[in-house]
Structures are given as C-alpha cells and as structure tokens.
Amino acid sequence: MPEVFERMRGLYTPCTDIRRKIFVGITRFVLERRKPEDIEKLPFSIIDMRTPTYRCCSYRELSIVRQRIRLAFGLPLVEELDNMPISEGIEKAFTEKKVLAAPIVNVIRAACEKCPEDQVIVTDMCQKCMAHPCSIVCPVGAISFPNGGKAFIDQSTCVKCMKCVKACPYTSITRMVRPCAAACGVDAIHSDEFGYAEIDQAKCVNCGLCTVSCPFAAISDKTELVQILHQLMGPEKQRPYAIIAPSFVGQFGRLAQPGAIFAAIRMVGFRNVEEVAYGADCDTLLLADKLARGLAEQRRAGSAQAESVALEPDKKPSLRFLGTSCCPSWVQTARRHFPEYADNIAESFTPMVETARLIKKKEPDAKVVFIGPCIAKKGEALEPEVRPFVDHVLTFEELAAIFVAKDIDLAAIPPDQFPKGASALGRGYAVAGGVAGAIAETAEKKYGVRDLAVAKADTLRNCRAMLADIKNGKIRAELVEGMACPGGCVGGPGTLAALTSAKIEVGKFAGTASARLPECPAE
Amino acid sequence: MHRIEVRVCMATHCHFAGAETIVEMLEDDADLAEFIDVLCVPCMEKACESGHDSPVVEVGGQRLMRATPELVIEKIEEIVTGAITGASTGATRSEARHA
C-alpha cells in the first residue's frame with residue numbers, strides 16, 4: 001500500500017482544482033492592477049454561489065476560498081470567528097517587499113472535517129459471523145456485538161494492536177488514520193480542543209506533505225505570488241532573477257521542453273534564469289572534498305575502533321558520517337531528533353543558496369527568486385543566514401499559474417538554448433539517491449575514495465528510522481542522504497507532474513549535460 | 001474496427017487544468033488500448049478561452065470542453081458501442097466494455 005501522500009499524487013482532484021483556480025485568480029487580479037479593496041469580489045469569480053462545486057454549501061466554500069486567498073497573498077489566516085473582512089490589511093501584501101512570515105503551513109479550520117485521529121473500525125463488510133475471531137483475538141476485550149449484530153469496537157478500550165484486522169475472514173475491519181497526520185513524518189499534527197487538525201509549529205519542518213494529503217484541502221501553505229508579481233511588473237532594473245530547481249524538467253507538460261520553460265520564465269518578466277543544478281555542482285565538490293578528507297583520517301583509525309565497539313555492544317559506535325544538506329526539512333528533522341548528529345550534517349550552503357550567491361556576487365542589489373517543488377524552501381528563505389541571498393520562493397505550480405494568467409503557452413513558444421549547462425550529476429539532485437550518488441562518484445573520480453558506505457532515505461519517517469539504525473549500529477554509513485519528499489524533490493508538494501514521469505524526464509535531461517562531473521565557477 | 005483517435009490538448013492552460021491526468025488514465029486502461037490512440041497535441045485553436053473551458057479533448061473528432069477522465073471514457077464508449085451495435089445510445093458503460 002503506498003504511503004498516504006503518494007495515493008492522490010499526480011491526480012487532478014477538486015483539491016488541485018480549487019488551489020490552482022485561486023492562484024490564477026489572484027495572479028490575474030494583480031496583473032490587472034485591481035484595487036486591494038476589490039479583493040472581496042474575487043471569491044465570486046472562483047466559486048459559483050448558485051451551485052456548490054466542492055462542498056455541501058456555497059457559503060462554506062466562500063469562507064474557505066476567502067481564507068485561501070489570504071494565505072495565497074502571503075498574509076496570516078483570517079477566520080470567520082475573527083469577524084474581519086478579508087480585505088483587512090490586504091494592501092500590505094501589494095508590495096514588492098517580503099511579506100511572508102511563519103507559520104508557512106496552516107490549517108484552514110473552516111475546511112477541516114475533524115477526521116478521527118486514529119481508529120480501528122468495523123466496516124459494512126462485517127457478516128456477523130459465527131466464528132467472530134475478532135473478539136477472540138482482541139487482547140483487551142474491546143469488541144462486542146450489540147444486539148447480536150455487527151462487531152463493534154469500543155474506541156476507549158482499543159489499543160490498535162491490529163490483531164482483529166488480521167483475523168477477520170471478510171477483511172471487514174480497517175484502521176483509519178487522519179491523512180494529514182499520517183503524512184507528517186515528524187508527528188507535528190494533533191487535534192485541538194474542538195477536534196480540528198492543529199499543527200505544532202515547533203515540530204513542523206514545512207515539508208508540506210500534509211497540504212497535498214488532506215482530501216479536503218484543509219491545509220495550505222502561504223505563497224509569495226503577489227509580491228513576486230509586483231517585482232515582475234516593476235521597472236526593468238528591479239525585476240528579479242529566477243533560479244530553478246533541478247526537478248523543473250517535465251513539470252509543465254509533455255510538450256514543454258526545458259528550453260521553452262526557460263524562455264517562458266523570461267517572458268513573464270524575470271531578468272534571467274539559472275539552473276540551481278549549478279549550485280548543486282558547487283555543493284557536490286565541497287562535500288566530496290570534505291568527505292574525502294574526513295574519511296582518510298577516519299578509516300586510518302577505523303579498524304581499531306570497530307573492534308572496541310564489538311567488545312562493548314552498548315557503547316554507541318562513534319563512526320562519523322557526512323549528511324547531505326540540500327533538503328531543509330531533512331536537515332531540521334535530523335538536527336532536532338538526533339541532536340548528537342547535528343554536526344554531521346554539512347554546514348555548507350544549499351544548492352539554492354550557492355546559485356543565488358553566484359548572481360549576487362555579480363550584482364549585489366539583484367533580487368533572486370527560487371522556483372522549485374518545495375514548500376520548506378519558503379521557510380529556509382526566512383532564515384537570517386539565507387535571507388541575504390534568496391529573496392523569495394515560488395513553487396512550480398505557482399509559476400504555472402503565472403503562465404496561465406499571462407496566456408503563455410509553453411508548447412507554442414520557441415525554446416531557448418542553454419548557454420552552458422550544469423553537470424549530469426548536478427541535474428540528478430532532483431531524484432532521491434542523486435545527491436549521495438553525485439558526491440560518491442565525484443569523491444571516487446577526484447579523490448580515489450572507494451567502497452563508500454552510503455545510507456539514504458526518503459520521507460521523514462524513513463529518514464528518522466535510518467538515523468535510528470545508524471545510531472544503534474545496524475547500518476554503517478559514511479555518507480548519508482536524507483530527503484523529506486517521496487522519491488526526492490520530484491515528489492515535492494509544489495510539483496505538477498506525476499512522480500514516475502518526472503523521474504524519467506530528469507534522467508533524460510541529465511543525459512544531455514555537456515559534462516558528467518561537476519565544475520564550480522566559484523572555485 | 002477503426003481505432004478512435006483521442007487528442008488531448010497539452011498546452012499550458014489545459015495541462016494546468018488536469019490534461020495530464022486524463023492522458024495517464026487512458027494510457028493505464030488496458031481495456032481501452034485496443035480501441036484508441038492517445039495523442040498529446042498542441043493548442044487546438046484556443047478553444048479553451050484562456051483556460052476557462054480547459055482541458056480540451058477531441059474524441060474521434062468530437063470536441064469535449066472541461067474534459068475529465070470520466071467524460072472522455074464515456075465518449076469513447078459511446079462511439080465504440082455505436083460502431084458495434086449500430087445504435088449510438090442505449091448501451092451502458094459496462095456493456096460497452098464487454099462488447
């Protein structure tokens with residue numbers, strides 16, 4: 001069974017529909033230079049008050065759409081109970097300056113269905129059978145048959161051991177976990193006192209997988225669309241540069257060539273666009289170098305240490321590893337949950353920051369917008385050490401909304417040529433295993449590092465399990481790659497393409513690179 | 001029998017409105033494979049009105065606006081059933097599948 005966040009992915013559902021309609025709606029609103037107070041009219045161009053499209057009633061739709069608009073403007077949520085029009089303070093969002101502030105990921109309570117957190121329940125398939133193995137295997141006596149009818153599980157007694165689920169001959173018992181919480185790899189989602197989902201912002205690492213896993217679209221991230229649009233509409237010199245994540249290939253439809261994507265980004269007003277794979281190349285070289293130096297030392301001392309560990313199994317193996325640093329959600333999760341390994345995660349800048357730095361070096365006042373599949377980058381760009389380099393963050397989906405609102409068809413425009421591409425390995429950063437693969441191959445070819453012990457995991461739950469295994473000595477690792485999203489960045493919440501096709505396209509594009517091994521212009 | 005050409009617009013507006021899901025559903029459907037050829041095509045005369053009626057799909061020359069996988073498959077089955085029974089209506093979707 002696929003993980004909860006993989007089941008709906010790549011499918012165009014009404015949740016996708018409403019999100020995209022709002023993005024296109026507010027983009028047109030800004031491009032048409034409508035007045036901020038007109039925002040109260042915007043919901044009515046997105047939903048039809050006469051016939052509910054998404055929900056039981058159009059008034060609920062209206063309430064939800066209003067709140068989604070606030071978030072899309074980058075502003076804090078305004079709920080009905082706040083008794084405030086959505087236009088309240090909205091003029092603050094009509095600027096080219098940074099408006100976005102934490103929390104990035106928000107629960108829209110008006111949209112939340114208050115799903116039970118975690119329940120083992122008997123479905124209609126129960127046949128009231130004679131054998132009733134369910135109640136026989138139940139270790140806590142939680143199962144009864146009221147009035148000789150179907151099995152009933154008392155939720156206050158059930159310990160969710162799953163024995164009844166396995167024993168039922170009709171597979172009529174199932175476990176229902178709230179999708180947002182099931183998608184969360186850091187256990188940040190619980191219920192508030194009314195039963196609505198609530199995000200513990202101290203635990204949340206902004207991976208955003210809950211936003212694409214809630215089947216009621218009740219969780220949403222904020223966007224910087226409006227502020228970026230203001231920059232794009234400004235005078236030539238103030239327009240931003242775009243830097244685009246390696247996972248961009250194949251995100252805008254089968255007929256949109258990489259060169260056409262670049263051309264379209266320039267057409268909407270960005271001064272230029274660079275591949276973040278360049279920055280990935282710099283990172284690969286940096287980490288391969290660090291790894292090679294650290295390993296030489298460590299492997300010399302290694303054999304003696306391994307023996308002492310075997311003699312004292314309780315003592316944790318102190319073998320040092322190098323952790324990748326490009327996925328901010330993974331970095332935060334690793335540092336929070338395994339503080340003893342905090343120093344193992346490379347202190348290097350991420351490919352995003354490296355790429356932005358190359359631009360700011362040439363032009364210190366330039367604005368840089370990162371375009372990627374990632375919600376966590378919105379959080380990363382708020383960090384004081386990243387803020388000077390990356391001004392704003394846009395997802396592929398938000399960028400596509402700008403294309404649509406500006407009537408730009410990527411299938412019909414002539415593609416730009418890539419003047420000098422990043423390396424094949426850098427372009428491979430988009431897919432899980434690609435980062436560790438790039439570092440390992442570079443370390444081998446450049447420094448002769450052989451037989452590298454590599455551990456890698458995608459999704460935060462798997463990442464945590466991997467670190468636990470390293471901690472208790474089950475896995476030996478010298479290089480560790482962590483990715484918050486399934487399949488790596490191509491599985492990010494801000495993507496448009498299905499995972500399998502996206503992976504294939506990234507591979508094809510990497511194959512067209514002029515070089516396999518990285519080079520860094522900064523070096 | 002004559003194969004039905006299903007042309008799915010893959011221009012940016014239609015792609016953004018779910019054209020990819022339609023193509024994937026059709027390509028995944030082994031039952032349909034013997035009846036149809038799926039083509040991803042560029043914009044068809046801007047029929048979508050800047051995305052308002054996206055996605056646009058043509059099934060055997062018949063144009064569908066605001067298409068969904070369900071609508072497209074329904075149209076295919078309608079044409080297939082029509083070709084087999086000589087009647088354009090009357091057969092249910094599952095009858096068409098088993099025809």
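Side chains included, hydrogens not; waters and symmetry mates left out as well; all remaining heavy atoms used. Naming convention: chains lettered A, B, ... in sequence-line order (proteins, then strands); numbering from 1 in each chain.
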Would you please test Glu5(B) and Arg7(B) for salt bridge (Lys or Arg N to Asp or Glu O under 4.0 Å) and show each step? CA-CA 6 Å; Glu5(B) 200 171 76; Arg7(B) 299 161 67 82; 3.4 Å; yes

Considering only heavy atoms and a distance below 4.5 Å, find which of Ala497(A), Ala412(A), Ala401(A) pairs most often with chain B. Ala401(A)

Note: vs chain A, highest number of non-hydrogen pairs under 4.5 angstrom among Ala19(B), Gly51(B), Ser50(B) is Ser50(B)

Could you look at Ala264(A) and say if it's the side chain, the backbone, both or neither that has a heavy atom under 4.5 Å from chain B? neither

Go through the atoms of Thr16(A) and report whether side chain, backbone, both or neither lie under 4.5 Å from a heavy atom of chain B. neither

Could you check whether any side-chain N or O of Ser58(A) sits under 3.5 Å from a backbone N or O of Glu61(A), counting only pairs where one atom can act as donor and the other as acceptor? no

For the interface with chain A, which of Lys46(B), Glu27(B), Met25(B) has the highest count of heavy-atom pairs at distances below 4.5 Å? Glu27(B)

On a heavy-atom basis, which atom in Gln251(A) and which in Leu496(A) lie closest, and how many Å separate them? OE1-N, 2.7 Å

Proximity breakdown for Leu410(A) and chain B, heavy-atom pairs closer than 4.5 Å: both

Counting heavy-atom pairs under 4.5 Å with chain B, which one of Arg254(A), Lys21(A), Glu397(A) comes out on top? Arg254(A)

Quick one: what part of Ala400(A) sits under 4.5 Å from any heavy atom of chain B, side chain, backbone, both or neither? both

Could you look at Asp17(A) and say if it's the side chain, the backbone, both or neither that has a heavy atom under 4.5 Å from chain B? neither

Rounding to 0.5 Å, atoms CZ (Arg55(A)) and CD1 (Ile18(A)) come to a distance of 10.0 Å

Nearest heavy-atom approach of Lys378(A) to Thr223(A) is NZ-CA, 3.8 Å

Does the cation-pi check pass for Arg20(A) over Phe16(B), that is, NZ or CZ under 6.0 Å from the six-membered ring centre and within 45° of its axis? yes

Rounded to the nearest 0.5 Å, what's the gap from OG on Ser220(A) to CZ on Arg68(A)? Could you check? 4.5 Å

